[in-house]
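Working notes, structure below.
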Amino acid sequence: MNSEGSGYVPVDTGLVLQTLVDRMFGLIEGRRDDGPPEPAAAVLAATDLPVVGSDAQVDADLRHAGYLARVVEVELFEPARRPADWIEPMLAERLASGASWDEAVAGACAHLARTEPLGKPSPDDAAAMSWRIPGPGGHVRHFLARRTIEEYLGASDAAGPVVDDPAELKRPWLYGFFVRACEETLPAEAA
């Protein structure tokens, strides 16, 4: 308890966020070598998110890390165990136009990844769909994506810069994250 008896202790939000991001990053990295499960692997590789100068392996690794980020969220946070209610109608619309499940998910996730802000998203930004997925929120996801990008760029074997603007690498991470969020809403026969 603090001295005023309110029952609350002031905390450093930055420290809490850093601790949470580091913990989640460690859990994700512990699964990195497992590879994405089928059929998610096909969907994770299904679409081109043109990131100028991006190394194909870094792109694939970031997609997988984003996918695993959602898996870890569901394990850590009870609210994250609910699927996003807006995803199923979005996919149904794509399916109604003749897309297969894989095409519907890949197209929807590519669109979401392309329109999400590259900077720290505001909760009231209509394009910041990362805020509309139940769980720790868009800021945690933004900082986790940045942490992952920094790590992967540092470990890349690519000769020269992997990408002109590292912020662009948030798109493949988001793509993988949204693939897993969509997968959570699919009926058993489509998964």
Is the shortest heavy-atom distance from the side chain of [X] to the side chain of [Y] under 4.5 Å?
X    : Y    : answer
R114 : L174 : no
F178 : R70  : no
R32  : D61  : yes
P121 : E116 : yes
L68  : D34  : no
V43  : E183 : no
R94  : E103 : no
F77  : L20  : yes

When you look at R81 and E184, which way does the salt bridge (Lys or Arg N to Asp or Glu O under 4.0 Å) test go after all the steps?
-> CA-CA 9 Å; R81 296 181 188 136; E184 294 168 3; over 6 Å; no
Would you kindly confirm whether [X] and [Y] end up in one hydrophobic cluster when ILVMFWY residues are joined by side chain heavy atoms under 4.5 Å apart?
X    : Y    : result
W131 : L118 : no
I133 : L91  : yes
V21  : V72  : yes
L169 : Y152 : yes
V74  : M129 : no

To check you understand the geometry: which heavy-atom pair defines the closest contact between [X] and [Y], and what is its length?
X    : Y    : value
P136 : R141 : CD-NH2, 3.6 Å
C182 : V105 : CB-CG1, 3.9 Å
I28  : A69  : CD1-CA, 3.5 Å
W86  : R132 : NE1-O, 2.9 Å

Counting N and O atoms only, with roles assigned by atom type, does the side chain of [X] sit under 3.5 Å from a partner on the main chain of [Y], one being a donor and the other an acceptor?
X    : Y    : value
K170 : P117 : yes
R31  : V71  : no
R171 : A113 : yes

Inter-residue atom distance [X].[atom1] - [Y].[atom2], 0.5 Å rounding:
X    : Y    : atom1 : atom2 : value
I149 : R147 : CD1   : CZ    : 12.0 Å
T148 : F177 : OG1   : CZ    : 12.0 Å
L144 : R146 : CG    : CZ    : 11.5 Å
Y175 : H64  : OH    : NE2   : 14.0 Å

Will you find, in the side chains of T185 and E88, an N or O donor that is under 3.5 Å from an N or O acceptor?
-> no
Establish, from distance only, whether the side-chain atoms of S100 and D102 form a donor-acceptor pair under 3.5 Å.
-> no
Derivation of the side chain to side chain contact (heavy atoms under 4.5 Å, CB included) call for M24 and V140 = CA-CA 10 Å; M24 291 178 70; V140 170; 4.0 Å; yes
Decide yes or no on salt bridge (Lys or Arg N to Asp or Glu O under 4.0 Å) for R180 and E73, but give the supporting numbers first.
-> CA-CA 11 Å; R180 179 61 190 151; E73 281 184 10; over 6 Å; no
Please walk me through it: do E75 and R23 pass salt bridge (Lys or Arg N to Asp or Glu O under 4.0 Å)?
-> CA-CA 13 Å; E75 292 172 0; R23 177 169 184 231; over 6 Å; no
